[in-house]
Amino acid sequence: MSQAPRRGGPSRAESCRAVPSSAEPGRARRMLRAGCRAALARRHMASALVSGAGGRGEARPCRAEPGRAAQEGLKQTPLDALHRARGGRMVPFAGWSLPVQYGRGHLESHLHTRRHCSLFDVSHMLQTRVYGRDRVRFLESLVVGDIAELRPGQGTLTLLTNERGGIVDDLIVTNTAEDHLYVVSNAGCADKDRAVMEGRAAELRAAGGDVHLEVLDNALLALQGPSMAQVLQTGLPDDLTKLTFMTSTATTVFGVPGCRVTRCGYTGEDGVEISVPAGRAVELAERLLGCPEVWPAGLAARDSLRLEAGLCLYGSDIDESTTPVEAGLLWTLGKRRRTAMDFPGAAVIMEQVKEKPKRKRVGLTSVGPPLRPPATILGPEGTPVGTVTSGCPSPSLGKNIAMGYVQAAHSRPGTTLSVEVRKKQHPALVTKMPFVPTHYYVAK
C-alpha cells in the first residue's frame with residue numbers, strides 16, 4: 001500500500017557506505033546480484049504466507065503448463081496467460097499465482113522502474129465498493145482515518161484496527177465522485193477484511209442503517225515510474241496533470257471504458273493504479289506494454305522498490321501485534337478521530353501517543369551480508385533490542401537496507417547498532433526513511 005510523501009534519505013555515516021567502489025563496477029554488480037538473489041530466494045520460500053514476496057535466479061521462460069496454478073489451488077489473475085507468454089517466472093503469493101520476475105531479471109527491472117516505467121499486475125488485491133447513505137459512518141467504525149473529510153475523488157491510506165490497537169490491515173479508501181467509497185485491501189488479508197466489513201455492515205443494517213458492499217472482479221494494474229505520465233496521457237481523455245497524488249477518477253483508458261485511475265503506488269515513484277474490467281485487462285496491459293518505455297515487472301522488484309521507499313509490507317512490518325504508533329503511522333489518524341476516540345483500539349493507541357511506545361519501527365543500513373528477517377538487532381552492549389522485519393540489498397544505493405522494530409531508546413537516526421547474521425555481528429545504522437527520495441506527484 002502507498003504512504004504519504006516523507007522526507008529523508010541515505011545515511012551519511014562512514015560505517016555504512018557501500019563496499020563496492022566505482023573502480024570495481026563489475027564486482028559491485030556481481031555482489032549486488034548475489035545479495036538480491038539470496039535475500040529474495042528466502043522470501044520466495046515463504047511466499048505462501050502474507051509476508052512472502054520474491055525469488056531470484058536466472059531468467060528463463062516459465063515452464064508451468066496452462067492450468068497448473070488452478071491444479072495447485074492457486075487463483076489466477078486475468079493477466080495470467082500474458083505473464084506466461086512474456087516469460088514471467090510464476091510463484092505462489094497469498095494464494096495467487098503471480099510473476100516474481102521476467103527475462104531481464106530483478107535488478108534490471110528495479111532500476112528500469114526508477115529510471116523509466118514498469119507495469120505491475122496487482123489484481124490479487126481486494127477491491128470493494130461501499131454504497132449507502134451510512135457508508136462513511138460504516139467505514140469510520142472500522143478504520144482510524146477521517147473518511148468524512150475526503151473530497152470527491154480524494155483517497156487516503158488508512159488502517160483497519162482491532163480492539164487491542166493492532167493493525168488488521170492497511171487500506172486505501174477513496175471517496176469517489178460517484179455514489180460510493182472505493183476500498184483496496186491487501187490480498188493476504190482479503191478474507192478477514194471481507195468478513196469484518198460484511199459483519200459490521202450487517203450490524204448497521206440490523207440497526208436501521210443503510211450500507212451495502214460490492215466486491216469487484218476487476219483487474220488492477222500499477223503503472224509506476226517517472227515516464228508514467230508521458231505513457232498514460234496519450235490514452236486518457238483527461239488532463240493527467242490535474243490528477244495529483246492520492247486522487248482518483250473514473251475514465252476511459254486507451255479506449256477501455258469503465259476504468260478507475262488512482263494516482264498512487266507502492267514504489268515511491270510517480271505512478272497510477274488502474275482498476276479495469278477483467279475482460280479488457282489483457283487488451284489494456286498489451287497496449288501499455290507496447291510502449292518501449294514500459295517493461296513488465298514482478299513481485300521481486302515491487303518488494304525492493306517499496307522497501308527503498310520506506311513502505312510497510314503487511315505481515316512483515318505491520319500486523320495485528322503492532323500499533324500505528326509503534327509502526328510510525330500515527331499520521332494516518334485523523335485529528336477529529338483522535339479527539340472522538342471512536343475507532344477500534346482507540347484507548348490503547350491514544351495511551352501510546354500520550355506515554356510514547358516502548359518500541360518503534362526504524363530503518364537500517366549496513367554493509368556485508370543482507371539483513372533478513374527475523375535477524376536479531378543488538379544494542380551497544382551486545383544485548384537484543386529488536387528484530388529485523390524486512391531487508392534486502394538496495395539496487396539504487398548499492399548497500400543493504402532493512403526495517404525493524406527496536407526499543408525506543410535505540411530508535412534515534414544515527415544510532416549505531418548491530419545485527420546478528422549467521423551468528424556474527426555486523427554494524428548497522430539507524431537511518432531515516434525513505435532510503436531513496438520519493439517522487440510522488442503532489443499539488444504545488
Side-chain angles (χ1 to χ4, degrees), residues 1 3-9 11-13 140 142-146 156-171 307 309-366 371 373-391 401-419 428-435 438:
M1 290 292 183
Q3 292 186 13
R6 301 290 187 84
R7 295 182 180 273
S11 165
R12 297 185 297 271
E140 286 194 348
L142 300 174
V143 303
V144 303
D146 192 338
T156 186
L157 176 75
T158 191
L159 305 174
L160 184 67
T161 50
N162 60 31
E163 294 301 332
R164 301 181 302 280
I167 301 171
V168 177
D169 197 6
D170 57 321
L171 319 170
L307 183 53
L311 305 178
C312 294
L313 175 66
Y314 192 87
S316 291
D317 308 304
I318 52 175
D319 57 30
E320 293 191 38
S321 70
T322 56
T323 70
V325 186
E326 295 169 334
L329 299 174
L330 185 59
W331 58 271
T332 62
L333 274 67
K335 183 177 180 180
R336 173 177 61 84
R337 306 301 307 281
R338 298 188 198 197
T339 301
M341 293 183 63
D342 57 352
F343 52 86
V348 175
I349 292 169
M350 295 312 297
E351 180 66 19
Q352 282 191 349
V353 172
K354 179 181 177 181
E355 299 296 332
K356 306 303 180 186
K358 295 181 180 179
R359 61 172 189 156
K360 291 184 178 181
R361 178 173 64 95
V362 298
L364 298 168
T365 54
S366 74
L371 309 182
T376 300
I377 303 171
L378 306 171
E381 307 293 326
T383 56
V385 298
T387 305
V388 171
T389 55
S390 282
I401 57 174
M403 282 196 285
Y405 285 83
V406 299
Q407 296 171 8
H410 302 283
S411 64
R412 185 183 297 276
T415 301
T416 300
L417 302 172
S418 58
V419 177
L429 193 76
V430 177
T431 305
K432 286 184 178 181
M433 295 183 284
F435 298 102
T438 56

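If you read the sequence from its start, that first residue is 1, and numbering goes on from there.
Here the CG atom belonging to Asp170 is positioned 6.5 Å from the CG atom belonging to Leu159, to the nearest 0.5 angstrom. Here the CD1-CD1 distance, from Ile167 to Ile318, works out to 4.5 Å after rounding to the nearest 0.5 Å. Summarising the geometry, atom OG belonging to Ser366 is positioned 11.5 Å from atom CG belonging to Leu417; distances are rounded to the nearest 0.5 Å. Atom CG of Asp146 and atom CG of Leu333 lie 10.5 Å apart (nearest 0.5 Å). With values rounded to the nearest 0.5 angstrom, Leu142 atom CG is found 12.0 Å from Asn162 atom CG.
When all heavy atoms of Thr387 and Pro374 are compared, the closest pair comes out as CG2-O, 3.6 Å. The nearest pair of heavy atoms linking Pro324 to Thr161 is CG-CG2, 4.3 Å.
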Distance-only donor-acceptor hits, side chain of residues 340-358, under 3.5 Å, sequence neighbours excluded:
residue, atom, partner, partner atom, Å
Asp342, OD1, Arg337, NE, 2.9
Asp342, OD1, Arg337, NH2, 3.1
Gln352, OE1, Thr323, OG1, 2.5

Pairs under 3.5 angstrom only: tabulate donor-acceptor contacts from the side chains of residues 404-414 to other protein residues two or more places apart or in another chain.
residue, atom, partner, partner atom, Å
Tyr405, OH, Asp317, O, 2.6
Ser411, OG, Ala408, O, 2.7

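Screening Thr415, Leu429, Thr431, Val430 for a side chain to side chain contact (heavy atoms under 4.5 Å, CB included) involving Leu364 leaves a single residue, Val430.
No more than 12 heavy atoms of other residues, nucleotides or ligands lie within 6.0 Å of CZ in Arg164, so this atom counts as exposed by the packing criterion.
The closest donor-acceptor contact from the side chain of Ser316 to the backbone of Leu313 lies at 3.5 Å or more, if one exists at all. Checked by atom type and distance alone, the side chain of Thr389 pairs as donor or acceptor with a backbone atom of Met403 at under 3.5 Å.
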Criterion side chain to side chain contact (heavy atoms under 4.5 Å, CB included) on Thr322 and Arg359, from CA distance to verdict:
CA-CA 10 Å; Thr322 56; Arg359 61 172 189 156; 3.1 Å; yes

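Side-chain contact between Leu378 and Pro384: present, with at least one pair of heavy atoms (C-beta onward) separated by less than 4.5 Å.
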